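Inspection log for the structure reproduced underneath, given as structure tokens.
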Amino acid sequence: LDSYDAIVVGAGPAGLTAASYLGRFRRRVLVLDGGRPRAAWIPTSHNTPGFPDGVGGPELLNRLRAQAEQYGASIEAGRAGELSRGPAGFEVAFDGMAARAPFVLMATGVIDIRPPLPGIEEAILKSVVRVCPICDAYEAIDKAIAVIGDGPLGVREALFLRTYSPRVTLLHTGKSGLGGGSDTLARAGVETLEVTVSDITLGEAGLTVTGAPSRTFDHLYLALGCELESRLAVAWGARHDDAGKLVVDAHQQTSIDGLYAAGDVVLGLNQIAVAAAEAAIAATAIHNRLRG
Ligand SMILES: Cc1cc2nc3c(=O)[nH]c(=O)nc-3n(C[C@H](O)[C@H](O)[C@H](O)COP(=O)(O)OP(=O)(O)OC[C@H]3O[C@@H](n4cnc5c(N)ncnc54)[C@H](O)[C@@H]3O)c2cc1C
């Protein structure tokens, strides 16, 4: 079993930033790269600090990876399947192998829930379909914006987008009604259409919603929530909210001693800047504990 000072689970912005910090603290760190991070879907990010002309998700990830490797991080492809505690700390099993370390950082992120629309992956990469108004609503100013939702999140995102455009429509797919949300939306000037997913057709530069009459929009924002990749920690009894987001202390430690978390998997704002900040805090806390 290979031993490290810390094992970072996940190779998105949070995991790779933590790996750079730990490397620069002269710690032996293993990063488990479980596959395509959420950040890899970003066509161009315009709110990432230090990139006034924007940066694509894949390019940012390449830079973060190069930086982590420059300071000695070992990055291995593999999905952590199990976390256990042995005499010398945590043991992480991945793809038939295992490694151990006294500290583990969960940087496993979330997975956006997507409606089953043909062409949705290409549409995300073309910025027609979007998932994060905080990230890119600025690039939708005065556009015709549709938001697909099936509950309160759809209402909240549609209202959020009103800062950017007078033309915001909530495409409501839920079986349950919107309750009090309908009045709030109407007061804010947000139109609501009851639709089924099959009414929506994605195109090169927008989308169409069939109906009488049919409607076209420039962008479709998904407000269907996400799946949390927090299972490894939750299985250990780590504190989490109803959605599965991990609750951490001021040093990013979960309620399990030695188990830290950073990035989207943590309760808080899902942003690259936040992921990097939480990674810096977690890595520094881990280093200080290793110093004894
Ligand atoms: C289309 C789109 C546009 C966005 N635009 C912006 C933007 O402009 N600005 C901004 O700040 N944010 C943006 N975001 C959000 C941003 O991508 C996330 O906040 C950021 O990626 C979070 O980083 P993370 O490291 O926590 O998670 P991720 O980037 O999701 O990385 C998590 C990694 O952990 C891996 N993993 C999960 N489970 C395991 C396991 N068991 N074992 C090993 N590995 C595992 C995953 O495979 C993944 O590689 C956008 C997101 C999307 C989808």
Side-chain angles (χ1 to χ4, degrees), residues 7-20 30-51 54-61 64-65 68 75-83 92-95 97-99 104-114 120-140 219-235 244-246 248 252 260-280 282-283:
I7 297 172
V8 173
V9 186
L16 293 171
T17 301
S20 285
L30 171 67
V31 180
L32 290 180
D33 178 357
R36 193 165 191 171
R38 201 172 175 230
W41 290 96
I42 306 175
T44 308
S45 169
H46 296 277
N47 70 355
T48 297
F51 292 93
V55 61
E59 192 201 332
L60 179 69
L61 287 163
L64 291 169
R65 182 177 283 257
I75 305 177
E76 286 196 29
R79 274 192 92 74
E82 213 183 313
L83 183 66
V92 180
F94 59 100
D95 298 354
M97 292 177 279
V104 169
L105 175 68
M106 292 280 295
T108 42
V110 303
I111 297 170
D112 294 291
I113 297 173
R114 300 171 181 170
I120 192 159
E121 298 200 340
E122 298 77 9
I124 292 173
L125 296 173
K126 285 188 179 139
S127 226
V128 169
V129 170
R130 299 176 170 198
V131 299
C132 171
I134 291 175
C135 305
D136 47 26
Y138 190 91
E139 281 70 40
H219 298 292
L220 176 66
Y221 275 88
L222 308 184
L224 299 168
C226 44
E227 261 175 52
L228 267 293
E229 291 275 43
S230 56
R231 285 176 293 274
L232 287 176
V234 169
K245 284 219 158 204
L246 297 174
V248 295
Q252 298 297 131
Y260 288 73
D264 285 3
V265 76
V266 173
L267 184 60
L269 199 61
N270 292 351
Q271 287 287 286
I272 292 163
V274 176
E278 292 179 348

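Worth saying up front: this structure is predicted, and the values here are computed from it rather than measured. Both counts, for ligands and for their atoms, begin at 1 and track the order of listing. FYI, side chains are in, hydrogens and waters are out, and symmetry mates aren't considered; it's all heavy atoms of this structure.
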Under a 4.0 angstrom heavy-atom cut-off, which atoms of ligand 1 come close to V9?
40 (C), 42 (N), 43 (C)
Any N or O on G109 sitting closer than 3.5 Å to an N or O of ligand 1?
no
Which residue owns the protein heavy atom closest to atom 38 (N) of ligand 1, what's the atom, and how far is it?
R79 NH2, 3.2 Å
Determine yes or no for a side-chain-to-main-chain donor-acceptor pair under 3.5 angstrom, with K245 supplying the side chain and V265 the backbone.
no
With a cut-off of 4.0 Å, which atoms of ligand 1 are near a heavy atom of A14?
25 (O), 26 (O)
Has ligand 1 got any nitrogen or oxygen that is less than 3.5 angstrom from a nitrogen or oxygen of A262?
no
Relative to atom 21 (O) of ligand 1, which among A39, A77, A11 owns the nearest non-hydrogen atom?
A39
Which of the atoms of ligand 1 are close to S45, meaning less than 4.0 Å from one of its heavy atoms?
7 (C), 8 (O), 9 (N)
Closest to atom 20 (C) of ligand 1 (judged by heavy-atom distance), picking from L32, T48, D264:
D264
Are the side chain of S230 and the backbone of G244 linked by a donor-acceptor contact shorter than 3.5 Å?
yes
Element-labelled atoms of ligand 1 that are located less than 4.0 Å from some non-hydrogen atom of A107:
32 (C), 33 (C), 34 (O)
Counting from 1, what ligand 1 atoms have a heavy atom of I42 closer than 4.0 Å?
2 (C), 3 (C), 4 (C), 5 (N), 6 (C), 13 (C), 14 (N), 17 (O), 50 (C)
V274 vs E278, test: side chain to side chain contact (heavy atoms under 4.5 Å, CB included). Steps then yes/no.
CA-CA 6 Å; V274 176; E278 292 179 348; 3.5 Å; yes
What is the minimum heavy-atom distance between L105 and A261, and which atoms define it?
CD1-N, 3.5 Å
Given 3.5 Å as the limit, does a donor-acceptor pair link the side chain of R130 with the main chain of D136, or not?
yes
Heavy atom of G81 under 4.0 Å from ligand 1?
no
